[in-house]
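Quantities reported herein were computed from a predicted structural model and do not represent experimental measurements.
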Amino acid sequence: MNPAIGIYQPFYKPSLIKRLDSGFIPLDWMSNPAPALREFAIHHHLASNRLFTRHRLTGMFSPKFFSKTALRSRQVYDWSADNPGHDVYLFSGGCHVPYLHYNGIVRNQVQHSPDFEERMRDLCGKIGFELPKEFPRQTNANRAGCNYWIASAAFWQNWSADVIAPIYALIGKSGPADEIFTYAQHAAPEPVYVLTFIYERLIDYYIERNRIDALYYPWDTESILSLEYDPFVRAYLEVMIPLVDPIDASGAWSDDDKAWLRAQYAALALKCGGPEVAVSDPSDYDLPRHYPAEFNDDAAL
């Protein structure tokens, strides 16, 4: 464990403990006071208790971090050490997603709520968070996709004041704010608020708007394909990665390009009836399917 970097990994049931990464700091979340708020509640805990002042960089990675990324704590520490000086370091929890959707907003409208963008804009209006008029293309170079980021104390201070505290203040208030506390379409056995997915999307736009010195973990084709995908998704990615990357390299997505990507994903969705990536244990959704202790240091998924 690197004491300069404090990455907390929560456990909210005993069976999760043995599946945590031993290089992260276990966080006892057995009380789980607000299950529908998911990681937002834990971020509020870290911020309100100022745990970020204990470390040079602080973050919170869910127990499914390894299942979603195939990255161990040592790789996280080494990469950040090899690239010093940034305020925020981010790791995508869905490195395949840019090859399925134009950006994270489109994905959430498909997966969680058709009204996702409307609810996100409504929330951001309430807390004074400025969003772009039109959401741009997102790749692994500017999309985190999960709460997998570590940041300086100064960033946490500002993020808490600008985002966490104002959102938390909406909890329990009646009126239009209630819409973000409706339940999202989600595979988890316990209901999850739409708010939690909105919160995950905000980090990328906050970084862009405030010109934060941030670095996103680089994903190449080999590392993207190293994860355990549904067979139809794997076959799709093997075809699509070489086709999508040149469009991104050109810096311009035409309306025809966007329509083409939507059509390709729609065709994939008809074939893929289960999870795109094998992230959860088949016997218990709350448990990660894969975890570091399964493998030795040199093994890969």
Side-chain angles (χ1 to χ4, degrees), residues 1-13 16-17 19-77 79-80 86-94 104 143-165 167-168 171 188 190 192-193 195-204 206-207 212 214-217 279-280 286-288 291-292:
M1 184 186 298
N2 183 347
I5 303 177
I7 301 177
Y8 295 85
Q9 196 164 43
F11 58 93
Y12 47 91
K13 57 170 56 177
L16 274 171
I17 297 174
R19 302 197 182 197
L20 302 181
D21 189 312
S22 61
F24 296 146
I25 304 170
L27 177 67
D28 187 342
W29 202 246
M30 294 290 287
S31 62
N32 202 7
L37 288 175
R38 295 299 179 98
E39 286 90 343
F40 175 72
I42 304 176
H43 270 205
H44 180 261
H45 170 79
L46 295 184
S48 60
N49 288 281
R50 298 182 61 80
L51 298 187
F52 59 81
T53 62
R54 301 178 181 179
H55 316 280
R56 179 174 55 82
L57 296 169
T58 305
M60 188 282 300
F61 291 1
S62 77
K64 293 183 180 179
F65 176 72
F66 183 74
S67 268
K68 289 185 176 184
T69 66
L71 296 173
R72 296 169 174 78
S73 55
R74 177 47 53 197
Q75 293 168 280
V76 172
Y77 295 136
W79 178 68
S80 58
H86 300 282
D87 291 322
V88 188
Y89 297 81
L90 303 99
F91 304 81
S92 175
R143 177 186 177 276
C146 283
N147 296 306
Y148 297 157
W149 48 266
I150 55 177
S152 66
F155 179 88
W156 269 100
Q157 185 78 35
N158 292 330
W159 176 255
S160 178
D162 296 341
V163 180
I164 296 177
I167 290 178
Y168 198 79
I171 297 176
E190 294 292 330
V192 183
Y193 289 142
L195 166 65
T196 64
F197 300 104
I198 295 175
Y199 178 71
E200 289 182 335
R201 301 292 82 76
L202 295 182
I203 184 70
D204 300 315
Y206 187 84
I207 286 171
I212 305 295
L215 189 66
Y216 288 77
Y217 185 82
V279 171
S280 301
D286 291 331
L287 300 180
Y291 47 97

Would you check if the side chain of [X] reaches a backbone N or O of [Y] as a donor-acceptor pair within less than 3.5 Å?
X	Y	result
Arg201	Gly145	yes
Asp21	Gly23	yes
Gln75	Arg72	yes
Arg19	Pro288	yes

Is any side-chain heavy atom of [X] less than 4.5 Å from a side-chain heavy atom of [Y]?
X	Y	answer
Phe52	Gln157	yes
Tyr199	Tyr193	no
Ser80	Ile5	yes
Asp28	Phe11	yes

Checklist entry - Can you list the steps and then say if Ile171 with Leu37 is a side-chain contact (heavy atoms from CB on, under 4.5 Å)? => result CA-CA 10 Å; Ile171 297 176; Leu37 288 175; 3.8 Å; yes
Item to check | Contact summary for Asp87 and Phe155, nearest pair of heavy atoms | outcome: O-CB, 4.4 Å
Checklist entry - If you take all heavy atoms of Tyr148 and Ser62, which pair is closest and at what distance? => result OH-OG, 2.7 Å
Next on the checklist: Between Tyr77 and Ile150, is the side-chain contact (heavy atoms from CB on, under 4.5 Å) condition met? List the steps.
Outcome noted: CA-CA 10 Å; Tyr77 295 136; Ile150 55 177; over 6 Å; no
Checklist entry - Hey, what's the ring geometry for Phe40 with His44, parallel, tilted or perpendicular (30° and 60° as the breaks)? => result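 Judged by the thresholds at 30° and 60°, the geometry between Phe40 and His44 is tilted.
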Item to check | Member of Tyr217, Phe65, Trp159 meeting the ring-ring contact (aromatic ring centres under 6.0 Å, His included) criterion with Trp149 | outcome: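 Output: one option passes, namely Trp159.
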Item to check | side-chain hydrogen bond (donor to acceptor under 3.5 Å, both in side chains) assessment of Tyr8 paired with His55 | outcome: CA-CA 11 Å; Tyr8 295 85; His55 316 280; 2.9 Å; yes
